[in-house]
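The figures that follow rest on heavy atoms only: side chains count, while hydrogens, waters and symmetry mates do not.
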Amino acid sequence: MNAQYRRQRFFLKSSLRGNSLVQILIYANLILFTLMVLHGTVLGLGTQAIMNPSPRLMVHWGGQYWPLVLDNGEWWRCITYAFTHGGLIHLGFNMVVLYQVGPLLEAEIGWSRLLTVYTFATIVATLAGLFWHPMIVVVGASGAIFGLIGFSVSYYHRVGGGIGLQRRNFMFQWALMAFVFGFIVGADNAAHLGGAIAGAALGWVMPVNVR
């Protein structure tokens, strides 16, 4: 095991120890999904609530639906949609990616900056959906996660050096894989692109503070 690999494992373990922001985000997604599934079970949806919840159920639990935002002023949906998911596979994939890319970045820039990137990417991702498909119910953390990936690519490119370029390439590989996966399953690549661009923009302007 080389020293560089040991450092990356240290960043991962130290960031997930205690109450890190990545932990809180993962727990929040898991809790909200559990509550939505319980609600769907009470409504008699059975396994559909777990694997393929209905748009009505997802909207009830915070999914983004722009007519409700624009007509009823439910602007909170621009944030809550990122904590609602369209099934167990959708949730699992997003949480795996967040677990892979989030701790390293949180250890690098701190939880407050990570929260800024995550929130900004969440908002820009759903604004992209407004122009691309305003009448479709949208859920999932992938736009925000793409924001973290986009931020990492540009941020670590600025860091440079061996470790910086290695992490840039690692994040870029995640982005390519997630885009391809999203294309195959018909995911919301408009939100993915919007989140990635938002994160990359912040990565170019946020002060570099390598730990």
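- Side-chain contact between Gln64 and Cys78: present, with at least one pair of heavy atoms (C-beta onward) separated by less than 4.5 Å.
- In this structure a side-chain-to-backbone donor-acceptor pair under 3.5 Å is present from His90 to Gly86.
- Of the inter-residue distances, the one linking Ile197 atom CD1 with His192 atom NE2 reads 13.0 Å to the nearest 0.5 angstrom.
- A chain of hydrophobic side-chain contacts below 4.5 Å, direct or via other Ile, Leu, Val, Met, Phe, Trp or Tyr residues, connects Val117 to Met171.
- The number of heavy atoms from other shown groups lying within 6.0 Å of CD1 (Ile89) does not exceed 12.
- Following chains of ILVMFWY side-chain contacts shorter than 4.5 Å, one can reach Met58 starting from Ile50, so the two form part of one hydrophobic cluster.
- Taking CG of Leu43 as the start and CG of Leu57 as the end, the distance is 6.5 Å to the nearest 0.5 Å.
- By the 4.5 Å heavy-atom criterion applied to side chains, Leu105 and Arg167 are not counted as neighbours.
- Surrounding CZ of Phe170 are more than 12 heavy atoms belonging to other residues, nucleotides or ligands, all under 6.0 Å away.
- The distance from atom CD1 of Ile79 to atom OH of Tyr81, rounded to the nearest 0.5 Å, is 7.5 Å.
- By the rule that hydrophobic residues join a cluster once side-chain heavy atoms approach within less than 4.5 Å of another member, Ile145 and Tyr155 end up as members of one cluster.
- The side chain to side chain contact (heavy atoms under 4.5 Å, CB included) test with Thr119 is passed by exactly one of Thr116, Thr122, Leu115: Leu115.
- Residues Tyr156 and Gln166 have side chains not in contact (no heavy-atom distance under 4.5 Å, counting atoms from C-beta outward).
- Taking both residues in full, the closest heavy atoms of Gly62 and Thr84 are given as C-OG1, 3.9 Å, listed atom of the first, atom of the second, then distance.
- Contact annotation: the side chain of Leu91 approaches that of Asn29 to within less than 4.5 Å [non-hydrogen atoms, C-beta and beyond].
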Next item on the list: Evaluate side chain to side chain contact (heavy atoms under 4.5 Å, CB included) for Leu45 paired with His39, printing each intermediate quantity in order.
Entry: CA-CA 9 Å; Leu45 298 179; His39 182 201; over 6 Å; no

Next item on the list: Step by step, work out the side chain to side chain contact (heavy atoms under 4.5 Å, CB included) result for Arg168 and Ser152.
Entry: CA-CA 6 Å; Arg168 179 202 65 184; Ser152 300; over 6 Å; no

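- Counting heavy atoms from C-beta on, the side chains of Leu130 and Leu70 come closer than 4.5 Å.
- Taking all atoms of both residues into account, the shortest heavy-atom contact from Ala190 to His133 is CB-NE2, 4.2 Å.
- Between Phe33 and His85, the distance from one ring center to the other does not fall under 6.0 angstrom.
- Using the six-membered ring where Trp is involved, Trp66 and Trp75 have ring planes that are perpendicular, over 60° apart on the 30 and 60° scheme.
- Residues Gln48 and Pro53 are not in side-chain contact: their nearest non-hydrogen atoms beyond the backbone lie 4.5 Å or more apart.
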Margin query: The test is side chain to side chain contact (heavy atoms under 4.5 Å, CB included); show your working for Val138 and Thr126 and say whether it passes.
Written below: CA-CA 8 Å; Val138 175; Thr126 193; 5.8 Å; no

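- In terms of hydrophobic clustering, with Ile, Leu, Val, Met, Phe, Trp and Tyr side chains grouped at heavy-atom distances under 4.5 Å, Ile109 and Leu165 are assigned to different clusters.
- Val139 is not listed as a side-chain neighbour of Trp61, based on a closest heavy-atom distance of 4.5 Å or more.
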Item checked: side chain to side chain contact (heavy atoms under 4.5 Å, CB included) evaluation trace for Val22 with Leu114 -> CA-CA 9 Å; Val22 174; Leu114 182 72; 4.0 Å; yes

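- The heavy-atom pair separating Ala121 from Ala198 by the smallest distance is CA-CB, 4.0 Å.
- What you find for Pro103 and Leu98 is that their closest heavy atoms are CD-O, 3.5 Å.
- Residues Met135 and Tyr65 have side chains in contact (heavy-atom distance under 4.5 Å, counting atoms from C-beta outward).
- The ring-ring contact (aromatic ring centres under 6.0 Å, His included) search around Phe93 returns Phe181, not counting sequence neighbours.
- Using a 4.0 Å cut-off between a side-chain N of Lys or Arg and a carboxylate O of Asp or Glu, Glu108 and Arg113 do not qualify as a salt bridge.
- To the nearest 0.5 angstrom, Leu88 atom CG is 12.0 Å from Asn52 atom CG.
- Both Leu35 and Ile26 are members of a single hydrophobic cluster when ILVMFWY side chains are connected at heavy-atom separations under 4.5 Å.
- Closest heavy-atom contact between Ala141 and Met95: CB-CE, 4.4 Å.
- The minimum heavy-atom distance linking Val205 with Arg158 is given by the pair N-NH1, 3.9 Å.
- Expressed to the nearest 0.5 Å, how far OG of Ser20 lies from OH of Tyr27 amounts to 8.0 Å.
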